[in-house]
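Heads up: the structure comes next, in structure tokens.
Computed from heavy atoms alone, side chains included, the values below leave out hydrogens, waters and symmetry copies. These numbers come from a predicted model, not from an experiment. Read the numbers this way: they start at 1 and go in the same order the structure lists the ligands and their atoms.
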Amino acid sequence: MYICGNILSMMNRNFIPKNLNNIQEKGQYTWKSPSNIALVKYWGKSDPQLPKNPSISFTLDACHTITTLHFQKKEVNDDDFSFDIFFEGKKKEDFKPKIAGFFERIHTYMPFLKAYHFEIHSENSFPHSSGIASSASGLSAIALCLMSMEKLMNPAMEQEFFNNKASFLARLGSGSAARSIEGELVVWGEHKEVLGSSNLYGVTLEQEIHPVFKKYQDTILLVDKGEKVVSSTVGHQLMHKHPFAEQRFEQAHENVSAMLSVLKRGDLDRFVEIVESEALTLHAMMMTSMPYFILMKPNTLAIIQKIWAFRARSKSHVCFTLDAGANVHVLYPENEKEVVLEFIEKELVDFCQKKHYICDRAGNGAIELNGDAQIYTELEKQ
Ligand code: DP6
């Protein structure tokens with residue numbers, strides 16, 4: 001089922017640029033890139049950031065990162081990456097190791113990186129301390145800015161290649177970031193029924209999608225805004241010796257198959273079943289790792305119970321999913337917006353920290369922003 005090493009390295013090689021002309025001294029690009037929420041989860045990977053199973057997600061709309069990348073050719077060529085990173089206007093030394101690691105991993109595919117000094121300015125639409133992972137939107141935004149640079153040096157580049165490589169680079173920063181380039185539904189990881197699917201990058205789902213899934217709603221209940229006790233990176237590693245790993249990876253393949261059919265038919269009952277089972281399986285994997293850990297909080301469970309009770313007494317198709325954290329994503333079709341929001345306001349907000357929640361929905365992917373939206377830069381002062 002998986003492509004063999006040789007083919008994989010050939011495909012990797014496709015992303016190494018051959019002819020880069022039109023080298024620019026300086027410039028800047030700004031991209032707005034969304035977060036995403038997985039319906040079938042990615043949990044477990046091998047080097048370099050290859051998923052152990054296919055996953056499928058809704059690209060989000062409101063939760064996004066805006067990043068401006070300024071670049072200036074170095075006067076003296078050296079062998080180092082040179083960059084500064086600013087988050088919401090403040091210089092962030094503590095973000096540097098993560099970005100340096102990312103540059104290191106993508107350098108083969110972006111050979112011009114060491115020839116420039118970069119200034120990266122980022123801001124999120126959601127509060128930093130909301131417990132919402134910003135790595136998917138943050139790393140996809142940087143990847144897209146770098147792709148704009150590459151396109152400048154290779155204007156003949158086609159849109160499909162641009163998107164695939166942006167996703168490929170983003171993946172090398174954070175796995176789930178591979179699914180944050182396009183919308184509304186993205187598959188990442190090889191699956192026999194998804195033509196063109198790849199472990200290297202995410203692809204938009206091209207099949208027929210039932211209209212009930214258009215603008216699907218995701219209300220994110222902020223249950224715990226604190227640091228996670230175990231990072232996703234560590235969690236993924238714990239899948240290596242996990243007693244149920246192989247069955248889980250197989251199940252994800254089956255759930256992607258089932259989800260493809262649900263998305264075509266508009267079968268909301270089955271949708272609810274797959275999505276909730278995936279969320280609970282993800283957390284079951286955490287609870288059965290060695291060492292084991294729990295990321296849900298009492299309020300996460302209280303919300304789940306309330307959602308089940310509400311669904312049992314109403315005709316609603318509201319359901320929940322979870323990321324690697326305590327927050328709850330409440331998913332429902334657009335035509336149920338009014339009733340579900342009323343239910344959330346009445347019965348769920350008390351379980352959220354400071355009653356905070358974010359209303360989001362499935363969206364269309366990243367967009368390049370023009371000069372007006374660009375953020376103040378140190379380089380401009382020079
Ligand atoms: C639980 O993408 O954050 O959200 O590849 O180590 O950066 P790294 O992990 P990350 O994993 C998150 C996985 C998940 C499920 C999912 O989004 O599919």
Side-chain angles (χ1 to χ4, degrees), residues 33-60 63 65 95 97-99 101-102 105-106 130-143 167-181 183 185-189 191 197 199-202 205 218 220 224 227-240 242 245 248-249 251-253 255-256 259 274-287 289 293-296 300 320-329 331 360 362:
S33 193
S35 185
N36 68 75
I37 181 68
L39 305 172
V40 175
K41 308 289 180 182
Y42 145 62
W43 198 243
K45 62 178 169 181
S46 57
D47 250 5
Q49 297 274 96
L50 298 168
K52 287 286 198 181
N53 65 257
S55 56
I56 181 165
S57 54
F58 271 131
T59 305
L60 294 180
C63 288
T65 299
F95 284 14
K98 180 149 190 169
I99 302 300
F102 174 54
R105 249 172 283 149
I106 65 170
S130 58
I132 298 181
S134 58
S135 58
S137 54
L139 285 155
S140 54
I142 300 178
S167 170
F168 172 89
L169 298 174
R171 180 199 106 236
L172 290 168
S174 176
S176 54
R179 298 189 310 242
S180 272
I181 305 296
L185 285 149
V186 176
V187 174
W188 169 46
H191 187 274
S197 59
N199 288 339
L200 300 179
Y201 49 82
L205 193 57
D218 179 5
I220 309 163
D224 187 51
E227 268 297 288
K228 283 187 280 192
V229 285
V230 177
S231 71
S232 290
T233 307
V234 172
H236 284 291
Q237 273 164 15
L238 292 174
M239 286 303 280
H240 285 307
H242 198 291
R248 160 60 198 154
F249 301 145
Q251 179 200 41
H253 277 271
N255 280 347
V256 169
M259 184 55 82
I274 300 169
V275 168
E276 293 191 345
S277 158
E278 275 289 320
L280 294 177
T281 302
L282 169 71
H283 284 257
M285 290 297 114
M286 298 173 189
M287 289 189 241
S289 295
F293 59 104
I294 299 180
L295 297 183
M296 290 187 282
T300 312
F320 71 86
T321 189
L322 307 166
D323 263 345
N327 294 338
V328 182
H329 289 248
L331 302 181
D360 210 339

Check your understanding: Between D360, D218, I37, which is the residue that forms a side-chain contact (heavy atoms from CB on, under 4.5 Å) with C63?
Key -> D360
**Study point:** Contacts of S289 that satisfy side chain to side chain contact (heavy atoms under 4.5 Å, CB included) - sequence neighbours left out
**Key:** L238, H242, F293
Point to revise | Contacts of R179 that satisfy side chain to side chain donor-acceptor pair (under 3.5 Å) - sequence neighbours left out | key: N36, S55, S57
**Study point:** Residues in side chain to side chain donor-acceptor pair (under 3.5 Å) contact with Q237, at least two apart in sequence or another chain
**Key:** none
Revision key, fill the gap. With L139 as partner, the option from S134, S180, S174, S176 fulfilling side-chain contact (heavy atoms from CB on, under 4.5 Å) is S174
Identify all pairs of nitrogen or oxygen atoms, one from ligand 1 and one from the protein, separated by less than 3.5 Å, and list them with distances.
| residue | atom | partner | partner atom | Å |
| --- | --- | --- | --- | --- |
| ligand 1 | 2 (O) | S174 | OG | 3.3 |
| ligand 1 | 2 (O) | S176 | N | 2.9 |
| ligand 1 | 2 (O) | S176 | OG | 2.7 |
| ligand 1 | 4 (O) | D323 | OD1 | 3.4 |
| ligand 1 | 5 (O) | Y42 | OH | 2.6 |
| ligand 1 | 5 (O) | K45 | NZ | 3.4 |
| ligand 1 | 5 (O) | G175 | N | 2.7 |
| ligand 1 | 6 (O) | K45 | NZ | 2.7 |
| ligand 1 | 6 (O) | T233 | OG1 | 3.4 |
| ligand 1 | 7 (O) | S174 | OG | 2.7 |
| ligand 1 | 9 (O) | H236 | NE2 | 3.0 |
| ligand 1 | 11 (O) | H236 | NE2 | 3.0 |
| ligand 1 | 17 (O) | R179 | NH2 | 2.7 |
| ligand 1 | 18 (O) | Y42 | N | 2.9 |
| ligand 1 | 18 (O) | R179 | NH1 | 3.0 |
| ligand 1 | 18 (O) | R179 | NH2 | 3.2 |

Practice item. State which residue, out of I106, N199, L200, I181, fulfils the side-chain contact (heavy atoms from CB on, under 4.5 Å) condition with R171. Key: L200
